[in-house]
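Only one structure is covered here, and it is reproduced in the block below.
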Amino acid sequence: MVQLKDKTFEVLLPHLEIGRRVRALAEQINQDYQEKCPLFVAVLNGSFMFAADLLKNIDIPCEITFVKLTSYEGTQRSNTLTQLVGLREGIAGRHVIIIEDIVDSGITIEQVLADVKQKNPQSVRVATLLLKPEALEKPVAPEYVGFEIANKFVVGYGLDYDGLGRNLPDIYALKAD
Ligand code: IMP
Ligand code: MG
């Protein structure tokens, strides 16, 4: 168990299991993208560990770049708009694979997808380490999913609680009290 500020978390996915699954996803991508020289677009901060481990197992020619999301808050929280920043590589005509840590409601990935599609890539797919099917509110269906998990708050392996926990090699879920 780990304690981060006021919350206690227990192991959900040990790093050995994560490693096995990430290698399997990479193997699938190696097969699907031979001759396509995909451009991976990793969404920071949460995806940094997943992106690094995934890419170490990609053995076809490829490129990777990193983007961040900035939020512009409207007058109401529901009006918050996010925008991709840092995408300098030309993506027109490229085969793009977006790398995310987690798809929860799907709102973030839907906006990222819209942003990327506007730039006319030849194809776009999403690789997410985690998916919470019960939390999904948007019609998004990531092509590469590491693990489907229950609708619990998780930390570790890049994911944070209030900035903490990104360094943990395992993934932890919030402990019910
Ligand atoms: P969505 O827009 O609701 O799909 O949320 C996506 C973003 O929220 C992710 O990229 C994470 O940064 C964050 N997030 C969602 N669920 C969790 C969680 O369980 N732990 C940590 N961050 C989360
Ligand atoms: Mg994120």
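Sequential numbering from 1 along the given sequence is applied to the chain's residues. As the structure is a computational prediction, the values presented were derived from the model and not from experiment. Ligands are counted one by one from 1 in listed order, and the atoms in each one are counted from 1 as well.
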For [X], state whether at least one heavy atom is located under 4.0 Å from any atom of ligand 1.
X	result
Asp101	yes
Lys132	yes
Asn45	no
Ile109	no
Gly106	yes

Numbered atoms of ligand 1 (with element) below 4.0 Å of [X], judged on heavy atoms:
X	result
Ser105	1 (P), 2 (O), 3 (O), 4 (O)
Asp160	21 (C)
Leu159	21 (C), 22 (N)
Glu100	10 (O)
Ile107	2 (O), 4 (O)

Establish, from distance only, whether the side-chain atoms of [X] and [Y] form a donor-acceptor pair under 3.5 Å.
X	Y	answer
Thr8	Gln3	yes
Gln28	Asp32	yes
Tyr157	Asn167	no

field: Nearest-0.5 Å distance that lies between atom CD1 in Ile97 and atom CG in Leu39
entry: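 The distance works out to 9.0 Å.
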query: Atom CD1 of Ile102 and atom OG1 of Thr128: how far apart are they, to the nearest 0.5 Å?
result: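 If I round to the nearest 0.5 Å, the distance is 7.0 Å.
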query: Where the closest heavy atom to atom 13 (C) of ligand 1 is concerned, which of Leu69, Ile102, Asp104 has it?
result: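 Selected option, by shortest heavy-atom distance: Ile102.
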task: Scan Ile29, Val126, Ile98, Leu54 and name whichever one has a side-chain contact (heavy atoms from CB on, under 4.5 Å) with Tyr144.
output: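 Answer after filtering Ile29, Val126, Ile98, Leu54: Ile29.
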query: Of Leu55, Val67, Leu44, Leu129, which is the lone residue that meets side-chain contact (heavy atoms from CB on, under 4.5 Å) with Ile99?
result: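 That would be Leu55.
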query: So, the side chain of Arg21 versus the backbone of Val145: is there a donor-acceptor pair under 3.5 Å, distance only?
result: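 Side chain of Arg21 to backbone of Val145, a donor-acceptor pair under 3.5 Å: yes, one is there.
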- prompt: Is the side chain of Arg94 donor-acceptor paired with the backbone N or O of Cys37 at a distance under 3.5 Å, no angle test?
  reply: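 Pair found, side chain donor or acceptor close to backbone of Cys37.
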field: Thr108 contact mode with ligand 1 (heavy-atom cut-off under 4.0 Å)
entry: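 Under 4.0 Å from ligand 1, Thr108 contributes backbone and side-chain atoms.
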task: Flag Val154 as yes when one of its N or O atoms lies below 3.5 Å from any N or O atom of ligand 1, and as no otherwise.
output: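 There is such a contact, yes.
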